Amino acid sequence: MYQEAYLAVETALKDATGAADVLLDDGGDHADLASTVAFALAKTEKKSPVVIAGDITKKITETLAAAGITVSTTGPYINFVFGTAYVAGVVEAAFQPDYGQLPDVSGRVCIEHTSANPNGPLHVGHIRNSVIGDTLSRVFRKTGHNIDVQYYLNDMGRQIAIVSWGFDFLDIPQNEGEKDDHYVARVYVAANRALKADPSIKEEIDRRMGLIEQGDPETVEKFRRAVSLCAEGIKVTLNRLNTPHDRFVWESGFVQDGSMVKILNRVEALPESSHDDILAVDLTECGFKKEYVLRRSDGTSVYAARDLAYHTWKGENFERFIDVLGADHKLIGAQLQATMKLLGEKAPEIVFFEFVSLPEGSMSTRAGKFISADELLDEVTKKAFDEVTTRRPELPEEERRAIAASVAVGAVRYDIVRVSQEKSTVFDWRQALDFERQSAPYIQYSHARACSILEKAGEFTPSYALSTESEIALAKHIGLFPVVLQTVMDELRPHHLAIYARDLADLFNAFYHADPVLKAEAGVRDARLTLVRAAQNTLSEVLQTLGVDAIRSM
RNA sequence: GGGCUUGUGGCUUAGCCUGGAUAUAGCGCCGGGCUUCUAACCCGGAUGUCGAGGGUUCGAAUCCCUCCAGGCCCGCCA
């Protein structure tokens, strides 16, 4: 709908002016679209922009009127307002199930997100990765992509060697009811403490690192057990957050199947590679000062080597592959991309997000200094349950618990996704526990209100004759949903969708207060019910794309 | 030291890539609104040197340069 209207305006302006770029933007409060092309033409035509704007308006008014678009001039600005046909078209489209869903496109897309080291539970920093990655995944699905969501499990790292040492030498039993990943973190923290107190332990850790690379069965089994235990706990948290993965890819798999050695052999053949005693790629040509080390002088490989093999595999199986990574991976990520290109392989697209820190400083799993995602979810759920109990004491406890769970996940996700990813943030309990405007519960509440109206209304005949200011504003915003999805796709920045959802809820609430629905006279009632249904459907689709439950009552 | 990145009312934040009409919202503050479709709501008000300075332009929060401040990275760790 929007695309067609945009195109009609653009074509008319191009025909009238002959300009290649007719400088269209969204018009803000003034209009649905606005052009500042008159400024640009003022130089060449040696006339004032105001006169030019007037002339252009005269030329195109009639053509666009046929398309239901009103043209007007305010000083040098040419404004375009979409008419009733557009509004009706939007509401009709949004009335359909799956509004915003685009037809399937060919080519598989891999999105890798979270991929936190399995040495402890996910904390509030990790889940920024999960929420951004999962929201992008949902937007990709919504726009017709066949996607595979992956978690890369670093099961060969030093921290796993430390955990496995802790399990062998520290007698730390699991507490009653303690979640597996939290238990692993406790062992990890204790092992690190022991390591600090007695540096000779380092030798044993190094020995394990060598054994794991050689594929020593006993060591492999020890690592595997520790990693599995932690990963199972992490999966529970991911499911709670509505950020599930299609598969977990084990780092060690690329050593075992020989693909890492294969890719390292190809790297050795590169003119940019140096292999006196280590294997490294010289990336100074690509603007990097540091060489990219893949194999140590003792012959063992580093993480980057497995990463190269993993991404080569992705390139063989996916049209596009996107990694969501913390900003601390910017350098290593760029080096990976550069090396993949030198090898003639497709490079990953990388979405970076900045860090979440605590008011007292940055988080550290090793130091046990973090707020876990589980703790956050528990606290928010508790608050949500109290809220729902205050507001809806008549509901059975089971239902109140279900609402609280949906509200809590929504609140946590929205609090994260609403901020653009390039901003570093400080975790704030007050904000996390705020269920008012600019929160998912606010949007969920609008949706529940719409559902409530529709339930009370019963059957009605769809009608598209809208006229009041708040009706039109709401309908027009509904029409922007597909545009916003496209923006998120283009920029790989999901916060746009969060902002859109908040604005949509704002407009629905304004309409709700300004224009009565059920009590309106017959004809108006049908039209408003149609709008409510379209708004409810859009809110539901947006919430689902944000990974938030569109609950019907709260 | 070098690289990347952020700086918008007291706090949090959109807009910046692709320059344009009174800079987007929330929290907090002040004042109103529940006999009316769910008040997790709505309406109104106060609060801004868009980090600082220079430049480009008819026009700069937006582009360029310099500086200041915060975050991240610069390992034969992952």
Side-chain angles (χ1 to χ4, degrees), chain A residues 21 23-25 27-31 34-36 38-40 42-43 48-49 74-77 79 115 117 119 154 156-160 209 251 277-280 287-291 293-304 306-307 326-332 334 352 354-355 357 362 384 387-388 390-392 407 411 418-420 422-426 428 430-431 434-446 448-457 490-491 495-496 498-499 502-503 505-506 508-510 512-520 528-529 532 553-554:
Chain A
D21 183 357
L23 305 170
L24 270 176
D25 69 20
D29 298 336
H30 313 280
S35 170
T36 53
F39 286 110
K43 259 178 243 150
S48 92
T74 308
Y77 301 93
N79 291 328
S115 302
N117 284 330
N119 56 349
N154 304 139
M156 296 182 67
R158 188 162 203 90
Q159 64 295 113
I160 306 306
M209 290 298 286
E251 179 184 1
D277 57 338
I278 62 167
L279 174 63
F288 298 100
K289 288 188 181 155
K290 302 296 291 185
E291 56 181 6
V293 177
L294 297 171
R295 197 161 54 209
R296 304 180 183 94
S297 53
D298 66 4
T300 59
S301 62
V302 301
Y303 170 86
R306 276 92 69 181
D307 216 14
D328 54 336
H329 286 70
K330 275 190 180 179
L331 177 60
I332 200 86
F352 290 107
E354 283 290 340
F355 267 48
S357 56
S362 46
E387 289 283 330
V388 74
T390 308
R391 292 162 204 280
R392 307 291 299 279
V407 164
R418 60 180 248 271
V419 181
S420 50
E422 61 273 13
K423 272 197 173 144
S424 47
T425 61
V426 177
D428 181 348
R430 220 200 62 196
Q431 255 168 48
D434 182 6
F435 300 154
E436 295 187 1
R437 296 180 74 183
Q438 297 212 355
S439 74
Y442 169 76
I443 301 159
Q444 289 172 304
Y445 185 69
S446 305
R449 274 176 150 178
C451 289
S452 171
I453 292 178
L454 293 168
E455 207 169 294
K456 291 194 168 117
D490 292 345
E491 298 184 14
H495 79 287
H496 289 298
I499 305 299
R502 182 250 290 165
D503 288 340
D506 278 349
F508 177 77
N509 285 326
Y512 178 94
H513 282 274
D515 300 327
V517 177
L518 296 178
K519 284 179 185 149
R528 287 190 181 157
L529 278 169
V532 170
S553 166
M554 63 186 279

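Quantities reported herein were computed from a predicted structural model and do not represent experimental measurements. Chain letters run A, B, ... following the sequence lines, proteins first and then strands; every chain starts at 1. Computed from heavy atoms alone, side chains included, the values below leave out hydrogens, waters and symmetry copies.
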Quiz item: Base, sugar-phosphate, or nothing: which does A:V532 touch, judged by heavy atoms less than 4.0 Å apart?
Solution: nothing
Exercise. Would you mind telling me which of B:rA40, B:rC72, B:rC27 lies closest to the side-chain atoms of A:D434?
Key: B:rC27
Quiz prompt | For A:I278 against A:E291, the heavy-atom pair lying closest together | solution = CD1-OE2, 3.7 Å
Self-check item: Single hit among A:L454, A:V532, A:N509 for side-chain contact (heavy atoms from CB on, under 4.5 Å) with A:R449
Solution: A:N509
Exercise. With a 3.5 angstrom cut-off on both distances, give the Watson-Crick or G-U wobble partner of B:rG44, or none if there isn't one.
Key: B:rC30
Quiz item: Does the side chain of A:K330 get closer than 4.0 angstrom to OP1 or OP2 of B:rU5 through an N or O atom?
Solution: no
Exercise. Look at A:Y512 and B:rA39 and indicate whether a side-chain polar atom (N or O) is within less than 4.0 Å of OP1 or OP2.
Key: yes
Practice problem: Determine the contact category for A:M554: base if any of its heavy atoms lies under 4.0 Å from a base atom, sugar-phosphate if only primed atoms, P, OP1 or OP2 are that close, otherwise nothing. | Solution: base
Quiz item: If you measure from the P atom in B:rU62 to the same atom in B:rG7, how many Å do you get, rounded?
Solution: 11 Å
Practice problem: For A:Q159 and B:rG75, give me the distance from atom CD to atom P, rounded to whole Å. | Solution: 18 Å
Exercise. Could you pick out which residue, A:A510 or A:V293, lies toward the 5' side of RNA chain B when each is mapped onto its nearest nucleotide?
Key: A:A510
Quiz item: To the nearest Å, how far apart are A:E387 CD and B:rA39 C1'?
Solution: 12 Å
Quiz item: Excluding sequence neighbours, so at least two apart, what forms ring-ring contact (aromatic ring centres under 6.0 Å, His included) with A:F39?
Solution: A:Y77
Quiz item: Listed by chain and number, what are the side chain to side chain contact (heavy atoms under 4.5 Å, CB included) partners of A:H495, not counting sequence neighbours?
Solution: A:S420, A:R493, A:I499
Quiz item: Side-chain N or O of A:R528 less than 4.0 angstrom from OP1 or OP2 on B:rC37?
Solution: no
Quiz item: Side-chain contact, heavy-atom cut-off 4.5 Å: A:V302 with A:R296?
Solution: yes
Practice problem: Return the value, rounded to whole Å, for the distance between atom CZ of A:R449 and atom P of B:rC34. | Solution: 15 Å
Practice problem: Kindly confirm whether the side-chain ring of A:F39 is stacked on the base of B:rG59, judged by centres under 5.5 Å and planes under 30°. | Solution: no
Quiz prompt | B:rG59 to B:rG20 separation - P atoms, rounded to the nearest Å | solution = 15 Å
Practice problem: Indicate, with a heavy-atom threshold strictly under 4.0 Å, whether A:R437 touches base, sugar-phosphate, or nothing. | Solution: sugar-phosphate
Quiz item: Quick one: A:N79 CG to B:rA21 C1', roughly how many Å, whole number?
Solution: 9 Å
Quiz item: Roughly how many Å is it from CD1 in A:I332 to P in B:rG75, rounded to a whole number?
Solution: 10 Å
Quiz item: What is the nucleic acid contact for A:A327, judged by heavy atoms within less than 4.0 Å: base, sugar-phosphate only, or nothing?
Solution: sugar-phosphate
Exercise. Figure out the NZ/P separation between A:K519 and B:rU35, and round it to whole Å.
Key: 12 Å
Every protein N/O within reach of nucleotides 13-15 of chain B N/O, cut-off under 3.5 Å:
unit_1, atom_1, unit_2, atom_2, d
B:rA14, OP1, A:S420, N, 2.9
B:rA14, OP1, A:S420, OG, 2.4
B:rA14, OP2, A:K423, NZ, 2.2
B:rG15, OP1, A:H495, NE2, 2.9

Practice problem: Could you check how far CZ of A:F355 sits from P of B:rU6, rounded to whole Å? | Solution: 16 Å
Quiz item: Contact class for A:D515 (heavy atom, under 4.0 Å): base, sugar-phosphate, or nothing?
Solution: base
Quiz item: Expressed in whole Å, how much space separates the C1' atoms belonging to B:rU56 and B:rC63?
Solution: 8 Å
Quiz prompt | Distance below 4.0 Å between A:R296 side-chain N/O and B:rC76 OP1 or OP2 | solution = no
Quiz item: Got a donor-acceptor contact below 3.5 angstrom from the A:D25 side chain to the A:G27 backbone?
Solution: yes
Quiz prompt | Check: A:R528 side chain, A:P516 main-chain N or O, donor-acceptor pair, under 3.5 Å | solution = yes
Quiz item: Has the side chain of A:D25 got a donor or acceptor that lies under 3.5 Å from a partner of the other kind on the base of B:rA21?
Solution: no
Quiz item: Would you say the side-chain atoms of A:R437 pair up with the backbone N or O of A:Y442, donor to acceptor, closer than 3.5 Å?
Solution: no
Quiz prompt | Gap between atoms CG and P, on A:N119 and B:rC77 respectively (whole Å) | solution = 17 Å
Quiz item: At under 4.0 Å, does any side-chain N or O of A:R158 touch on OP1 or OP2 of B:rC76?
Solution: no
Exercise. Sticking with atom P, work out how far B:rG44 lies from B:rC27, rounded to a whole angstrom.
Key: 14 Å
